[in-house]
S.K.: 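My questions all concern the structure below.
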Amino acid sequence: MTGKPGKSTKSIHAGRLEPRPEGAITTPIFQSSTYEYHGEDYHNVGYLRLSNSPNHLVLGERLAALEGTEAALATGSGMAAISATFLALLSTGDHILVQDCLYGGTTSLLNHEMARLGISYTPIDPQAPATWAEAVRPTTRVVYVESLTNPLVQVADLEAVVSFAKEHGFVTVIDNTFASPVNFRPAELGIDLVMESATKYLNGHTDICAGVVAGSADHVSQIKITLDHIGGVLDSHACFLLERGLKTLPIRVSGQNAAALRIAEFLEAHPRVAKVNYPGLANHEQHHRATRLFDGFGGMLSFELVGGVEEAEEFLGKLTLPAHAASLGGAESLIVRPAAATHGGVPPEERARSGISDSLIRFSVGLEDVEDLVEDLETALG
Ligand SMILES: *Cc1c(COP(=O)(O)O)cnc(C)c1O
């Protein structure tokens, strides 16, 4: 191929094995824990935990092509990607700046394992760059943000994150799970390391747990050594499923972008809906930033009904298509009330402070016909 391949071509072909083994069009599953020794350096012997089977190597190249980075590494889960990255970049006494409303598992990792290792953090308001400098300490090493927050789908001042970190010599790390590389490639903006929970959009079929670390070859190989030590490898069969899922990533995400916008507009116009959070709506606080940075606004939205928790629960109970479940990014629409589920562990005052009311509903728009979803929502709203 000459010229620059597009997203779909990359998602199907980048890094594929040449020649194709036995002519197989899809990468076969290399279900072998160890490989014949050919005199290589000990760190490069073929061994499943070292993420160097042909399945892993193909996935690494494909993910790097999609993220627009020099290298990438598939991991056993999104949390394996995030923990290996923190452990590789930070040592006892180090400090990190984190966006103040993080994915719950990441907050928990910081409050437990990282705290026990003597690695501290300060939350920063991602919309207020002028306040960041006062949080910096001589031991600050990393700035950690998310491309879209959960569940309010806010967009941090990512351009300011990049320039602030450059000025101070910090490594920037972003969790890009909600956007996916179809809608946003943080490396193009100058962010150093990109994490994804591939459990969500990248795989897209709600059937495996996987993660991604993408960045420069130096950063990725440094993190891979830590991942090898903590054993956060992705199994070969899950590699196969993730590679299969990736082939439809661009087409799935563009369908979800369009469906989520249609649903957000429907909800916004409905008299029983008090507020809709979706970066594709013109009244979203960071709509202009999202338009400038992203190729699409994603498949995640949240909203509040007129009324309280009881009305929200009654509404959830009446839906027939979206399943009442946590997680996101799959073919099946999923709906959840964060205060009762994903954010149940966050103290109520803290939830209120970050704008997550008890009646807020989060919707992961799936791949069903959007008019069927709208009809289901309309019936449940009554
Ligand atoms: C799900 C999720 C994670 C964790 O990923 P796992 O694959 O469950 O380990 C991290 N960040 C975000 C934003 C997520 O949605």
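Each ligand, and each atom within it, is numbered from 1 in the order the structure gives.
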S.K.: Using 0.5 Å steps for rounding, measure from the NE2 atom of H270 to the CG atom of L267.
M.R.: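 Here the rounded value is 8.5 Å.
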S.K.: May I ask you to check whether A80 has an N/O atom sitting below 3.5 Å from an N/O atom of ligand 1?
M.R.: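 Such a contact does not occur with ligand 1.
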S.K.: Please state which part of K200 comes within less than 4.0 Å of ligand 1, counting heavy atoms only: side chain, backbone, both or neither.
M.R.: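 For K200, only side-chain atoms sit under 4.0 Å from ligand 1.
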S.K.: In the protein, which heavy atom is nearest to atom 12 (C) of ligand 1, and how far is it?
M.R.: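 For atom 12 (C) of ligand 1, the nearest protein heavy atom comes out as D175 OD2, 3.4 Å.
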S.K.: Under a 4.0 Å heavy-atom limit, does A210 contact ligand 1 with its side chain, its backbone, both, or neither?
M.R.: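 Just the backbone.
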S.K.: Out of curiosity, L242 CG to C209 SG, how far, rounded to the nearest 0.5 Å?
M.R.: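 L242 atom CG to C209 atom SG measures 11.0 Å (nearest 0.5 Å).
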S.K.: What protein heavy atom sits nearest atom 7 (O) of ligand 1, and how far off is it?
M.R.: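 Going atom by atom, the protein heavy atom closest to atom 7 (O) of ligand 1 ends up being T199 OG1, 2.6 Å.
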S.K.: Judged by modelled atom types alone, do Q127 and R289 share a side-chain donor-acceptor pair under 3.5 Å?
M.R.: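 Yes, side-chain donor-acceptor contact under 3.5 Å.
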S.K.: Between F297 and H284, does the ring centroid distance fall short of 6.0 Å?
M.R.: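 No.
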S.K.: What class does the angle between the rings of F164 and W132 fall in, given that below 30° is parallel, 30 to 60° is tilted and above 60° is perpendicular?
M.R.: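 Judged by the thresholds at 30° and 60°, the geometry between F164 and W132 is perpendicular.
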S.K.: Step through it carefully: locate the ring centre of Y144, locate the ring centre of F86, and say whether they are under 6.0 Å apart.
M.R.: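 For Y144 and F86, the ring centres are under 6.0 Å apart.
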S.K.: Mind checking whether C209 has an N or O less than 3.5 Å away from an N or O of ligand 1?
M.R.: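 No, no N or O pair falls under 3.5 Å.
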S.K.: Just by distance, no angles: are the side chains of D125 and T131 close enough, under 3.5 Å, to form a donor-acceptor pair?
M.R.: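 The criterion, which ignores hydrogens and geometry beyond distance, is not satisfied for T131 and D125.
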S.K.: Distance under 4.0 Å to a non-hydrogen atom of S197: what atoms of ligand 1 satisfy this?
M.R.: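 Counting from 1, the qualifying ligand atoms are 1 (C), 2 (C), 3 (C), 4 (C), 5 (O), 6 (P), 7 (O).
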S.K.: Among all the protein's non-hydrogen atoms, which is closest to atom 4 (C) of ligand 1, and how far away is it?
M.R.: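 Here the closest protein heavy atom is Y103 CE2, 3.4 Å.
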S.K.: Using distance alone, determine whether E146 and ligand 1 share an N or O pair under 3.5 Å.
M.R.: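 By distance alone, the answer is no.
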S.K.: At a 4.0 Å threshold, what atoms of ligand 1 neighbour a non-hydrogen atom of M79?
M.R.: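 This gives 5 (O), 6 (P), 9 (O) as the contact atoms.
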